[in-house]
Amino acid sequence: MADAQSTPKYRSWVLSSLSDRTSVSVLGAIGIVAVACVLLNQLPESSAFHVPTYMISLFGKYLCYAVLALSVDLVWGYCGILSLGHGAFFALGGYAMGMYLMRQIGDRGVYGHPILPDFMVFLNWEELPWYWMGFDIFPFAMLMVVLAPGILAFVFGWFAFRSRVTGVYLSIITQAMTYALMLAFFQNDMGFGGNNGLTDFKDLLGFDLRSDGVRNWLFLSSAAVLAIGYVLCRLVTTSRMGKVLVAIRDAESRARFLGYRVEYYKLFVFTMSAMLAGVAGALYVPQVGIINPGEFAPLISIEIVIWVALGGRGFLYGAIVGALVVNIAKSYFTVAFPEIWLFFLGGLFVLVTLFMPRGIVGLIGDMVRAGLGSMKGNTGRRAEAMGGGDD
């Protein structure tokens, strides 16, 4: 009886969470842009509206970064956990996908070994390590894409949150975690390609990765994951759990005093965020064509935080906007101003910090509210003037 009564309430909550104008606009924009890019790619190359295939892959990479920024905003913007180690979860998901792609090469590698990847043959490995077993099966590899970062986040969070490590101390140990992983993956005897990483991928599910069709499919998959990730994060943040997360962010001690098991809420959202970052990494690798230990670099995790801060922390769509704006600007500045592009990026962040503390979407929201307030004020004054004339 209770389940029957709760089901309509659950459906009503889901529909109300996704039917607001913001969610509809975000999901609509993602869908329209994704479909438009693929359709424009089908036009003849001589057309002025043709989108080349390399741009499709580049846009797909941006969408993967947007998913990664979304995962960071979930824990930082709504729970107050400033993670400087989300690059590690992103890289683990990427390595899981890379291991699957390496197993698909088979005897088409440089050394022609049917099982061992080229770098293992070069290093005189005699057999495949046990932790590479099963990665020739796509469902198993996709399971590892979410399990590897999820388990790491769960174990890390279990000890950190139960020990009540918070604030800058938590940020430091998340950064230490990703730095330790970077050093480990740089070692040749770890079995992950050392500093060269994993590359020279051939195909995915039997389809050539260099073909236009596969690149379009990966781009659409990235857009779909971004939309699904936004929906999942939106459902969490608009639920009762989301209200508790915000309470933990604003006053953790008070939330704990009221009887909430704060560490469990943190552990759930941190693990979910890590899994989402892992999926982003898995989609990133086949579109870029390589995964190496550089993805674990702490600087990358710090840059992700900049994306979220620029777009607007605490606005899920703000994280998406920030990731897209920064990376598009980065691509432009590295070509137009290769020697000073870092100064442009740093200056952009300083300007946002000083003049847009709530990010781009926060500033736009303030301007819209100010404009609406001015319109209401003018309407009220005109009404008063008309009323005064009648008297």
Side-chain angles (χ1 to χ4, degrees), residues 22-23 25-27 29-30 33 58-90 167-168 171 174-175 178 222-223 225-227 229-230 233-234 237 246 249 269 273 276-277 280-281 284 295 297-338 340-370:
T22 300
S23 295
S25 299
V26 171
L27 297 176
I30 294 173
V33 171
L58 185 62
F59 293 157
K61 183 178 75 169
Y62 294 157
L63 293 179
C64 293
Y65 285 152
V67 176
L68 179 57
L70 191 66
S71 70
V72 173
D73 192 33
L74 180 63
V75 293
W76 185 32
Y78 290 88
C79 197
I81 302 173
L82 177 55
S83 171
L84 297 181
H86 260 58
F89 306 133
F90 178 79
V168 66
S171 301
T174 56
Q175 192 174 52
T178 188
S222 301
V225 168
L226 178 59
Y230 177 84
C233 293
R234 179 68 178 167
T237 56
V246 173
R249 178 196 68 187
V269 74
S273 173
L276 187 58
Y284 171 85
E295 300 296 337
L299 183 61
I300 292 179
S301 295
I302 296 174
E303 189 174 340
I304 301 167
V305 173
I306 294 177
W307 303 344
V308 178
L310 176 67
R313 180 169 76 100
F315 303 92
L316 293 175
Y317 53 93
I320 298 174
V321 171
L324 296 178
V325 168
V326 172
N327 284 286
I328 291 173
K330 184 177 178 180
S331 296
Y332 171 75
F333 288 144
T334 51
V335 174
F337 310 99
I340 58 174
W341 72 271
L342 278 174
F343 295 99
F344 282 101
L345 186 62
L348 182 63
F349 183 62
V350 170
L351 290 175
V352 170
T353 303
L354 293 177
F355 303 105
M356 293 186 293
R358 299 176 65 225
I360 294 174
V361 298
L363 177 64
I364 294 175
D366 293 340
M367 293 172 63
V368 170
R369 282 190 291 270

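Along the sequence shown, the residues carry numbers beginning at 1.
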Q. Who passes salt bridge (charged side-chain N to carboxylate O under 4.0 Å, His left out) against Lys61, sequence neighbours left out?
A. none

Q: Under the side-chain contact (heavy atoms from CB on, under 4.5 Å) rule, what do Leu316 and Tyr78 come out as? Steps first, then yes or no, please.
A: CA-CA 9 Å; Leu316 293 175; Tyr78 290 88; 3.6 Å; yes

Q: Just say parallel, tilted or perpendicular for the rings of Phe89 and His86, cut-offs at 30° and 60°.
A: perpendicular

Q. How long is the span from the CZ atom in Phe59 to the CD1 atom in Ile328, to the nearest 0.5 Å?
A. 7.0 Å

Q.
Testing the basics here: between Asp73 and Ala319, what is the closest heavy-atom pair and its distance to 0.1 Å?
A. CB-CB, 3.7 Å

Q. Hey, what do you get for OH (Tyr230) to CG (Leu70), rounding to the nearest 0.5 Å?
A. 8.5 Å

**Q.** Nearest atoms (heavy-atom pairs only) where Ala323 meets Ala66
**A.** CB-CA, 3.7 Å

Please output the side-chain donor-acceptor pairs of residues 299-311 that fall under 3.5 Å, not counting sequence neighbours, one pair per line with the distance.
unit_1: Ser301; atom_1: OG; unit_2: Leu84; atom_2: O; d: 3.4
unit_1: Ser301; atom_1: OG; unit_2: Gly87; atom_2: N; d: 3.0
unit_1: Glu303; atom_1: OE2; unit_2: Lys330; atom_2: NZ; d: 3.2
unit_1: Trp307; atom_1: NE1; unit_2: Glu303; atom_2: O; d: 3.4

Q | Which atom of Leu68 lies closest to which atom of Ala277, heavy atoms considered | A | CD1-CB, 3.7 Å

Q.
If you compare all heavy atoms of Val75 against all heavy atoms of Val269, which two are closest, and at what distance to 0.1 Å?
A. CG1-O, 3.6 Å

**Q.** Qualifying residue for side-chain contact (heavy atoms from CB on, under 4.5 Å) with Leu74, from Thr237, Leu276, Ile81
**A.** Thr237

**Q.** Minimum heavy-atom distance Arg249-Gly77, with the two atoms named
**A.** NH1-O, 2.6 Å

Q: For residues Phe90 and Glu295, report the shortest heavy-atom separation together with the two atoms involved.
A: CE2-OE1, 3.9 Å

Q: Please round to the nearest 0.5 Å and tell me the distance separating atom OG of Ser171 and atom CH2 of Trp76.
A: 9.5 Å

Q: Indicate whether the side chain of Tyr62 and that of Ser331 have a donor and an acceptor atom separated by less than 3.5 Å.
A: yes

